[in-house]
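Values in this document were obtained by computation on a predicted structure and should not be read as measured data. Nothing fancy with the numbering, it's 1 onward along the sequence. Note that ligands are numbered from 1 as they come in the structure, with each ligand's atoms numbered from 1 the same way.
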Amino acid sequence: MKIHTILSGLMGCAFATGSTIQARQGGPNACRCLPSDDCWPSDNTWDGLNNTVNGQLVKTVPIGSPCHDPTYDAEACNALQQRWTQGSLHLPTDSSPMQMYFANQSCDAFTPRGQPCVLGNYVAYSVKVSQPDDVVAAVKFADKNNLRLVIRNTGHDFFGRSTGAGALSVWTHHLKSTEVIPNYTSKSYSGPAMRFGAGVTGAEAAEAAHKAGLTVVVGGCPSVGVAGGFIQGGGHSTLSTTYGLAADQALEYEVVTATGAILTASPKKNPDLFWALSGGGGGNYAVVTSVIVRAHEASNIGGASMQILAGDVTPATYAAIIAKFHELAPQMADSGATIMYILNGLYFNLAPVTVVDSTGDYVRNEVLGEFIDFLDENNVKYAAGFSTLAFRDHYDRYLGPLPWGSLSSSDYQYGGRLIPRSVVENEPAKLSAAITSLLPDRVIAVGTLGNFNPPHAVSNAVQPKWRSTLIQLQLLTQWSTKPEDWDAMLANQARMTDDFVPRIKAVTPDGAAYMNEADFNEPDWKHAFYGESYEQLAKTKKEWDPKGLFWTLKGVASDQWTVAEDGKMCRA
Ligand SMILES: Cc1cc2nc3c(=O)[nH]c(=O)nc-3n(C[C@H](O)[C@H](O)[C@H](O)COP(=O)(O)OP(=O)(O)OC[C@H]3O[C@@H](n4cnc5c(N)ncnc54)[C@H](O)[C@@H]3O)c2cc1C
Ligand SMILES: *[C@@H]1O[C@H](CO)[C@@H](O)[C@H](O)[C@H]1NC(C)=O
Ligand SMILES: *[C@@H]1O[C@H](CO)[C@@H](O)[C@H](O)[C@H]1NC(C)=O
Ligand SMILES: *[C@@H]1O[C@H](CO)[C@@H](O)[C@H](O)[C@H]1NC(C)=O
């Protein structure tokens, strides 16, 4: 089995089976049309859409096609293989998801040349949108022709939510406008703001803000989009301890709705849609074409990175270092820091420590002072660097080089958990022991430590448990690009679900997970990803998308559909 079967594929489906009994059960339009179905639009019909969108309709050619006959090209294929695990290869394309699992090896760079390159779980067509009207055309076309609709921005999504078998994609990558609004004024906020087109990345937003003497909340990875899955899924940042989550920055969205209306969603206009778009999950309520976010007067950023090698100390000392760090975590956050860290059996990196309106000296002495004392007392060697920089330069130094960043993204699989502050305060040893227990299993723990409460009042759909979270903890295992390792990778993913994440769950009962950085097989997903927001989100979803045009894996109301292993999507 490749693509995870969400439920049995044997649902009533008129188009797939032609069975009258099943057709009666399912009714018309019970399943989305696939290219192999009779209901698939004719070339003429597609040409009509292409005219409407001014020739910007793209028929998918999977990027791996030069690795397969009859389009094999040795040089091009070799170049693809070299870069296959780099996000920067997939990001600018119209259809390639970064998470290889969701590409389902249907046109993989490493599978045999003789194996045909087929669409499989790739979208079939994309509209390269340059204006809201293009989105309107795509949305109406998908609705009228009973097609699966997907929204793609950067393709970063861990749940493959920006790809889908036989789908028409709204491809927002080229919506690159940035605008400074010196004094945005509304009932809840007056001050500097910025408007970003839906295709703007964190790096581009940071550059534009920097030029205007401002700072905006962006993701750790500079190539993650601002207005797509990041802000709509909640969005944590190296700036979160000071400013809150990305969703907390939203002032208004320009959107295209499921019925093809262009409108504004803000606390004043269509407030329920605004609420849902701010943290309720990407790709599920409307297509955002631009967002206006709070901007903050730029200040110096105190920064640091630090590395400790496991091989330099005994296993007991390494465990003690990890325990000490988690014991000190609450006071580090309270000193104003947001800290990203990576921990595995080989090294423990803080990368970076970020404090707004501060200096490298402050980070050295006030944030990390007690931790460094502990290292010195125990004769632990470490490498560290401290800095006082503009945010843009801090971003470039520790998470860059801009615009891509150093984080590769395609060769891991993920699990995650939000760790409440109360657990870190009351049971730091238990938490550290759970994390340390994963290291011999080659799990990589990636933490973002901070306070995730904005300094201003907000009402949005962010999983409420974020507000009592101290650490957003991700668990990663390495993904192999070798085709023959596929089943072993699936076994690893199952182990993430059945063994690795449960070890953290055991110390965080009744806890939550960040929907953008979790295990896509999370069994307790409604509770973990949405919590108390789920019910209101389901109502909003029904109101704004009654026909279920938008669908994402483990999105709100996604259980109203099933997606079979072959990609056939039918009403449940
Ligand atoms: C290397 C790496 C680092 C990361 N670092 C961070 C981090 O520091 N903080 C953090 O919070 N997250 C981080 N993430 C997770 C990231 O927030 C999610 O992957 C997010 O979904 C990416 O959004 P995107 O729009 O760029 O990507 P896409 O994969 O293109 O889209 C993601 C989802 O959003 C939907 N979507 C995209 N655009 C729109 C739109 N205009 N309107 C409506 N729906 C839309 C898509 O349909 C899909 O469901 C990281 C991911 C990676 C791979
Ligand atoms: C859409 O039209 C443009 C311009 O004529 C053309 O280049 C492109 O190939 C067309 N797309 C499809 C899918 O036919
Ligand atoms: C994924 O790959 C498997 C095995 O090749 C295939 O049976 C399945 O149909 C594919 N799924 C999609 C959505 O293409
Ligand atoms: C911004 O606009 C508001 C409302 O019009 C006004 O009260 C405020 O003084 C303005 N701020 C600046 C910095 O111009």
What atoms of ligand 3 come within less than 4.0 Å of a heavy atom belonging to E565? 8 (C), 9 (O), 10 (C), 11 (N), 12 (C), 13 (C)
Using distance alone, with no hydrogens and no angle criterion, decide if D519 and T497 have a side-chain donor and acceptor under 3.5 Å apart. yes
Nearest protein heavy-atom contact for atom 7 (O) of ligand 2: which residue, which atom, what distance? G55 O, 4.9 Å
L57 and side chain to side chain contact (heavy atoms under 4.5 Å, CB included): which single residue from D134, L168, D47, T52 fits? L168
Min over V118, L34, N104 of heavy-atom distance to atom 6 (C) of ligand 3 lands on N104
Under 4.0 Å from a heavy atom of N121: which atoms of ligand 3 are those, numbered in the order shown and with their elements? 13 (C), 14 (O)
Check ligand 4 against N183 and write out every atom of the ligand that is under 4.0 Å from a heavy-atom position of the residue. 1 (C), 2 (O), 3 (C), 8 (C), 10 (C), 11 (N), 12 (C), 14 (O)
Just by distance, no angles: are the side chains of S237 and S240 close enough, under 3.5 Å, to form a donor-acceptor pair? no
Hey, is atom 9 (O) of ligand 2 touched by any protein heavy atom at less than 4.0 Å? no
Tell me if the centroids of the rings in Y243 and H296 come within less than 6.0 Å of each other. yes
Shortest heavy-atom approach to atom 14 (O) of ligand 3 - which of G567, G120, A165: G120
Sub-3.5 Å N/O-N/O distance, L57 and ligand 2: yes
Which residue and heavy atom of the protein sit nearest atom 4 (C) of ligand 4, plus the separation: T185 CG2, 3.8 Å
Going by distance alone, is a donor N or O of one side chain under 3.5 Å from an acceptor N or O of the other, for D485 and S480? yes
May I ask you to check whether N50 has an N/O atom sitting below 3.5 Å from an N/O atom of ligand 2? yes
Side chains of Y184 and E252: does their closest heavy-atom pair fall under 4.5 Å? yes
Hey, does D37 have a side-chain heavy atom less than 4.5 Å from the side chain of C31? no
